[in-house]
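Read through the structure below, which is laid out as structure tokens, and then see the notes.
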Amino acid sequence: MQEQDIDFEKIKDGLLQYKQADNAVRKNELENEIIIESVPLVKKIALHLARRSTDPIEDILQVGVLGLIKAVKMFDSSAVSYTHLTLPT
């Protein structure tokens, strides 16, 4: 798996636009863009966790992407940073 650069500024801008969007179609487009931009972060974390786990990498990735979707929907710029929502606890 080739590591991609993660553009946190682009993700942050997308999240801010997502929270301000009042059009459902636009909000859905932004959500998809944010998720696509963030998948390399999920892959990086999943690969790190897979080294210490007996779970298949595919399962770890699936759980990570579900967490990513939840993090996008829950994002509150005044509370915490986006990467804190995406990191495993």
Side-chain angles (χ1 to χ4, degrees):
M1 213 177 289
Q2 186 179 19
E3 185 174 331
Q4 292 178 271
D5 290 334
I6 302 166
D7 189 347
F8 289 105
E9 282 302 312
K10 185 174 182 180
I11 295 168
K12 181 180 172 185
D13 291 343
L15 284 165
L16 295 174
Q17 290 177 38
Y18 174 80
K19 280 302 179 183
Q20 295 171 352
D22 54 2
N23 178 319
V25 173
R26 179 66 181 140
K27 198 166 189 130
N28 190 44
E29 290 172 352
L30 287 165
E31 183 178 326
N32 289 335
E33 290 173 16
I34 295 163
I35 291 167
I36 289 167
E37 283 292 322
S38 301
V39 166
L41 176 62
V42 173
K43 287 180 180 177
K44 184 175 182 177
I45 294 167
L47 287 170
H48 176 73
L49 292 174
R51 289 187 207 118
R52 305 183 318 214
S53 175
T54 57
D55 296 324
I57 184 69
E58 293 82 8
D59 290 351
I60 297 170
L61 281 169
Q62 183 178 22
V63 170
V65 171
L66 290 173
L68 171 63
I69 293 167
K70 185 177 178 182
V72 171
K73 292 179 186 277
M74 291 177 43
F75 179 73
D76 178 2
S77 61
S78 64
V80 295
S81 75
Y82 170 69
T83 52
H84 289 133
L85 289 174
T86 60
L87 295 176
T89 56

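As a basis for the values below, the full set of heavy atoms in this structure was taken, side chains included, without hydrogen atoms, waters or symmetry mates.
A distance of 6.5 Å separates CD in Q62 from CG in D59, rounded to the nearest 0.5 Å. In this structure, D7 CG and K12 NZ are separated by 12.0 Å, a value rounded to the nearest 0.5 Å. Here the CG atom belonging to N23 is positioned 9.5 Å from the CG atom belonging to L30, to the nearest 0.5 angstrom. Going from atom NZ of K70 over to atom CG of L68 covers 12.5 Å, rounded to the nearest 0.5 Å. How far CG of D55 is from CG of L61: 11.5 Å, rounded to the nearest 0.5 Å. Atom-to-atom distance recorded for Y18:OH and E29:CD is 12.5 Å, nearest 0.5 angstrom.
Taking both residues in full, the closest heavy atoms of I60 and A50 are given as CD1-CA, 3.7 Å, listed atom of the first, atom of the second, then distance.
Looking only at side-chain heavy atoms (C-beta outward), K10 and E33 stay at 4.5 Å or farther from each other.
The number of heavy atoms from other shown groups lying within 6.0 Å of NZ (K27) is above 12.
L15 and V65 fall within a single hydrophobic cluster, where Ile, Leu, Val, Met, Phe, Trp and Tyr side chains are chained together by heavy-atom contacts under 4.5 Å. Both I6 and I69 belong to a single network of hydrophobic side chains, linked directly or stepwise wherever heavy atoms of I, L, V, M, F, W or Y lie under 4.5 Å apart. No path of Ile, Leu, Val, Met, Phe, Trp and Tyr side chains, each step under 4.5 Å between heavy atoms, connects V63 with I57, placing them in separate hydrophobic clusters. I35 and L66 fall into different hydrophobic clusters, where Ile, Leu, Val, Met, Phe, Trp and Tyr are joined by side-chain heavy atoms under 4.5 Å apart, directly or via other members.
Formation of a donor-acceptor pair under 3.5 Å by the S38 side chain with backbone atoms of I34 is found in this model.
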**Working for side-chain contact (heavy atoms from CB on, under 4.5 Å), residues L49 and R52** = CA-CA 6 Å; L49 292 174; R52 305 183 318 214; 3.3 Å; yes
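Taking the charged nitrogens against the carboxylate oxygens, E31 and K73 do have a contact shorter than 4.0 Å, which makes a salt bridge.
No cation-pi contact links K19 to F75, judged by a cut-off of 6.0 Å to the six-membered ring centre and 45° from its axis.
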